[in-house]
Q: 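Take this structure first; my questions come after.
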Amino acid sequence: MSLFNKIWKLQESAPAEFLNAHPNYSRTTKQLLWNRDIKKEEDIDNFFNSNYNKDVHSPHTLKDIDRAVSRISSALDKGESILIYGDYDADGVCGTALLREVFNELGAKKLSTYIPHREDEGYGLNTPSIKDFIKEGINLIVTVDCGSSNIEEIEFANSSGIDVVVIDHHQITRDDNPAFAHVNPHQEDDKYPFKDLCGTGVAFKVCTALLDFRRKKGAKAPMEGWEKWLLDLVALATVTDVMPLKGENRTLVKYGLYVLAQTRRPGLQALLEKARVNATYEDGDISTNLDGFTLGFILGPRINAAGRMEHANLALDLLNAKTKKEADVLAHILDTKNKERQKLVEDIINEIDHKQLESSNVIFAGTHDWPIGVAGIVAGRLTQAYNKPAFIYQKKGNKLIGSVRGPEHLNIVEILQGCEDFLDKFGGHRQAAGFTALVEHEDNLLRSLKTQVALAMGEMSKEEVSPRVVVDSEISAEEINWNLYDELEKFDPYGESNPKPVFLLRGVIIRKPSMVGDAKNHFKCLIETSSGRTLKAIGFRFPPEVAHTGDGSPADILFELDKNEWNGTRELDLKLVDVSAKYLL
């Protein structure tokens, strides 16, 4: 049986026609390319050999970008009061920092930034803040990572003489945005060839066009190529916002990692140091030890912790820090906030009624004390653990404000639509959404959710509702070597749409099993192959029952290939994903 009760879905083998068409690559590499839908010679070359000059598109096909550039440039020339309005997540914070840096380089005389408070103000532009901007004499608002859906708020700003330039990447719900310029690749008549940029990525495009415009007119602007120093922020935002690492994003992140390894930002230098990441960069072969994991699991959570636990301005101040002393203080605060966030998530999960987790078809829980900033993380962890939708909310006044995460087999938005009689508003995507409701509807909402989930699952087979793990390829023990590891390195940076490969190895023996770590929730063992070879293996956050796996148990395993380096030596390790052991007691 599978330790995590998951179906192992082995990817279909790439057809012989594809395998034969690319003789320069190994069987494993070709299978991984096929799994990622990278099949044409040109796409394969772009994937493995990202070229900034060739693979990064011109910004000028973005709808409204010329109007945006013209308005921003005019505001700079006239010394108008410009306000950058960003979102409170890592994408919004990075985009705000990027725009601020560029506008300052271009000589902005009156420049300010504003990021709303997650709990008190919520997402996007809000009218009370715009009223304050009117009093402050703001002439131009430039949004980043928000604004596409703020029709009424932008109309209010316009009526008060404030122009708004929207820079965003979210899906368009209405096509009547009244902004002076609306730059978003998801607009219906937008011609930009790549639609999956994050908000900071779109801001980078606007800035490259703005810099080009200023240089051509002879206005103040840094030298050509200076904008590449902004790619550390673009890479961080792209991965943290879980954007697909394909096409242009892969190129931006790959080059952004090179920039991050030699970043000029004291804030990012301090954050890497605090996380004990010693960044290296080699100019000769253009390589770095930093990767997608660094962005998504080391830097990103610390940047996001500011908005989740206190205010995103903490993270923005870090990115804007000018001295090492200032950066070290802020990096320490963010690191502390991230640890507080981790503990809070664990405390909330432990506080939830475990009878509900096991018996109900939905997880529905909330209190006045649970901040909405971590609700999505809690919901995601519970959905992953129990394979059922999780609705986690904060009670604030007479409202329930919640985040939802759902398993693959359910469409959360459709579930919420079936409960709209008890909801104030809701929205999101198939597996992630948000909602608000009145506290007085709490019990009715729970009953309705249970009914809708039961109806949705009524026609599904056991296989359809069972959790699954996608397996890239079955390999033999002999294939686990440094050549394979070096091949896999070429697929980095890993992330959305390019996950770290998972391999299946059959017929092994588990030796010396033990549980390690402070919480005794990491499974450590030796894997003995049929040829007698022994490999070290570890599985993180494994359930406690694996501790009873008998020494000598035959098993099949799923794993990611990793390396362990110390004192100038290195060895291959297996990072266990799942185990199917015959004698799992």
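These numbers come from the heavy atoms of this one structure, side chains and all, not from hydrogens, waters or symmetry mates. The model shown is predicted, which means the values in this text are computed figures rather than measured ones.
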Q: Determine the minimum heavy-atom distance between Leu257 and Ala235, stating which atoms define it.
A: N-CB, 4.4 Å
Q: Crowded around Lys195 NZ? As in, over 12 foreign heavy atoms under 6.0 Å?
A: yes
Q: Salt-bridge test for Glu408 and Arg430: reply yes if a basic N is under 4.0 Å from a carboxylate O, no otherwise.
A: no
Q: Looking at Val56, is its backbone amide N or carbonyl O close enough to the side chain of Glu248 to form a donor-acceptor pair, meaning the two atoms are under 3.5 Å apart?
A: no
Q: Of the non-hydrogen atoms in Lys220 and Gly107, which two are nearest, and what is the gap between them?
A: NZ-CA, 4.1 Å
Q: Do the side chain of Arg405 and the main chain of Gly380 share a donor and acceptor less than 3.5 angstrom apart?
A: no
Q: Pair Thr200, Asp91 - check side-chain hydrogen bond (donor to acceptor under 3.5 Å, both in side chains), show working.
A: CA-CA 6 Å; Thr200 303; Asp91 190 12; 2.7 Å; yes
Q: If you apply the rule side-chain hydrogen bond (donor to acceptor under 3.5 Å, both in side chains), what do you find for Tyr494 with Glu560, and how did you get there?
A: CA-CA 12 Å; Tyr494 294 114; Glu560 298 171 356; over 6 Å; no
Q: Please report the shortest heavy-atom distance between Pro222 and Leu211, naming the atom on each side.
A: CD-CD2, 3.7 Å
Q: Taking salt bridge (charged side-chain N to carboxylate O under 4.0 Å, His left out) as the criterion, tell me which of Lys109, Arg71, Lys217 meets it with Asp77.
A: Lys217
Q: Report the C-alpha separation of His60 and Tyr192 in whole Å, then their side-chain angles, then the decisive distance to 0.1 Å, and conclude whether the side-chain hydrogen bond (donor to acceptor under 3.5 Å, both in side chains) test is met.
A: CA-CA 8 Å; His60 294 289; Tyr192 196 74; over 6 Å; no
Q: Indicate yes or no: does Lys54 engage Asp45 in a salt bridge with an N to O separation below 4.0 Å.
A: yes
Q: Under 3.5 Å, sequence neighbours excluded: what are the donor-acceptor pairs made by side chains of residues 97-104?
A:
unit_1 : atom_1 : unit_2 : atom_2 : d
Glu101 : OE1    : Arg265 : NH1    : 2.6
Glu101 : OE1    : Arg265 : NH2    : 3.1
Asn104 : ND2    : Arg100 : O      : 3.2

Q: Which pairs, with at least one residue in residues 211-251 and sequence neighbours excluded, count as a ring pair (Phe, Tyr, Trp, His ring centres under 6.0 Å)?
A: none
Q: What are the two closest heavy atoms between Thr96 and Gly86, and how far apart are they?
A: OG1-CA, 3.3 Å
Q: When you compare the side chain of Leu252 with that of Phe204, does any pair of heavy atoms fall below 4.5 Å?
A: yes
Q: Go through the side-chain N and O atoms of Gln31 and Thr28 and say whether any donor and acceptor fall under 3.5 Å apart.
A: no
Q: Apply side chain to side chain contact (heavy atoms under 4.5 Å, CB included) to residues Ser473 and Leu504 and explain how you reach the verdict.
A: CA-CA 6 Å; Ser473 180; Leu504 166 63; over 6 Å; no
Q: Look up atom CG in Asn49 and atom CD1 in Ile44, then write down how far apart they are to the nearest 0.5 Å.
A: 11.0 Å
Q: Minimum heavy-atom separation for Lys63 to Asp190, with atom names?
A: N-OD2, 2.8 Å
Q: Check the pair Met243 / His169 against side chain to side chain contact (heavy atoms under 4.5 Å, CB included), numbers first and verdict last.
A: CA-CA 11 Å; Met243 303 308 295; His169 74 121; 3.9 Å; yes
Q: How about Val413 and His429: do any of their side-chain heavy atoms sit closer than 4.5 Å?
A: no
Q: May I ask you to check whether Phe48 and Tyr25 place their ring centers less than 6.0 Å from one another?
A: yes
Q: Does a side-chain heavy-atom distance below 4.5 Å link Asn564 with Thr569?
A: no
Q: Let me check something: any side-chain donor-acceptor pairs from residues 286-296 under 3.5 Å, sequence neighbours excluded? List them with distances.
A:
unit_1 : atom_1 : unit_2 : atom_2 : d
Ser287 : OG     : Asp285 : OD1    : 2.8
Thr288 : OG1    : Thr280 : O      : 2.8
Thr288 : OG1    : Leu290 : N      : 3.1
Asn289 : OD1    : Thr280 : N      : 2.7
Asn289 : OD1    : Thr280 : OG1    : 3.1
Asn289 : ND2    : Asn278 : O      : 2.8
Asp291 : OD1    : Phe293 : N      : 3.1
Asp291 : OD1    : Thr294 : N      : 3.0
Asp291 : OD1    : Thr294 : OG1    : 3.0
Thr294 : OG1    : Asp291 : N      : 3.2

Q: Between Asp472 and Arg36, does any side-chain N to carboxylate O distance fall below 4.0 Å?
A: yes
Q: So does Lys246 get a backbone contact from the side chain of Asn498, meaning a donor-acceptor N/O pair under 3.5 Å?
A: no
Q: Side chains of Ile82 and Asn139: does their closest heavy-atom pair fall under 4.5 Å?
A: no
Q: Within a reach of under 6.0 Å around NZ of Lys6, are more than 12 heavy atoms found that belong to other residues, nucleotides or ligands?
A: yes
Q: Does Lys563 come within less than 4.0 Å of Asp573, counting only side-chain N to carboxylate O?
A: no
Q: For the NZ atom on Lys500, are there more than 12 heavy atoms of other groups (residues, nucleotides or ligands in this structure) within a distance under 6.0 Å?
A: yes
Q: As a test of understanding, state which of Arg215, Lys216, Arg214 forms a side-chain hydrogen bond (donor to acceptor under 3.5 Å, both in side chains) with Asp212.
A: Lys216
Q: Using only atom types and a distance under 3.5 Å, with no angle test, would you say the side chain of Asn481 pairs donor to acceptor with the backbone of Asn483?
A: yes
Q: Please determine which of Val142, Val144, Ile84 meets the side-chain contact (heavy atoms from CB on, under 4.5 Å) test together with Thr113.
A: Ile84
Q: For a 4.5 angstrom cut-off between non-hydrogen side-chain atoms, does Leu268 reach Asp232?
A: yes
Q: Counting only heavy atoms from other residues, nucleotides and ligands, does the tally under 6.0 Å from NZ of Lys39 exceed 12?
A: yes
Q: Do the side chain of Asp43 and the main chain of Ile38 share a donor and acceptor less than 3.5 angstrom apart?
A: no
Q: On the 0 to 90° scale, with breaks at 30° and 60°, tag the Phe559-Phe503 ring pair as parallel, tilted or perpendicular.
A: tilted
Q: With a 4.5 Å heavy-atom cut-off, do Ile480 and Tyr485 have their side chains touching?
A: no
Q: Going by atom type alone, with no hydrogens or angles, which donor-acceptor pairs under 3.5 Å involve a side-chain atom of residues 16-24 and a protein atom two or more places apart or on another chain?
A:
unit_1 : atom_1 : unit_2 : atom_2 : d
Asn20  : ND2    : Ala16  : O      : 3.1
His22  : ND1    : Glu41  : OE1    : 3.1

Q: If we ignore angles and hydrogens, is there a donor and acceptor under 3.5 Å between the side chains of Thr29 and Glu487?
A: yes
Q: Any heavy-atom pair between the side chains of Pro178 and Ile151 that's under 4.5 Å?
A: yes
Q: Got a sec, which pairs hit ring pair (Phe, Tyr, Trp, His ring centres under 6.0 Å) with one end in residues 69-101, sequence neighbours left out?
A: Tyr85-Tyr114
Q: Does any part of the side chain of Arg468, heavy atoms only, come nearer than 4.5 Å to the side chain of Lys9, both counted from C-beta?
A: yes
Q: State which residues pass side-chain contact (heavy atoms from CB on, under 4.5 Å) with Ser497; sequence neighbours excluded, sorted by chain then number.
A: Pro244
Q: Could you tell me whether the side chains of His186 and Asn184 share a donor-acceptor contact shorter than 3.5 Å?
A: no
Q: Restricting to non-hydrogen atoms, name the atom on His182 and the atom on Ser148 that form the minimum distance, rounded to 0.1 Å.
A: NE2-OG, 3.0 Å
Q: Is it true that, when you exclude Lys254 itself, more than 12 heavy atoms of the residues, nucleotides or ligands shown sit nearer than 6.0 Å to its NZ?
A: yes
Q: Taking the basic N atoms (NZ, or NE/NH1/NH2) and the acidic carboxylate oxygens, is any pair closer than 4.0 Å for Glu571 and Lys536?
A: yes
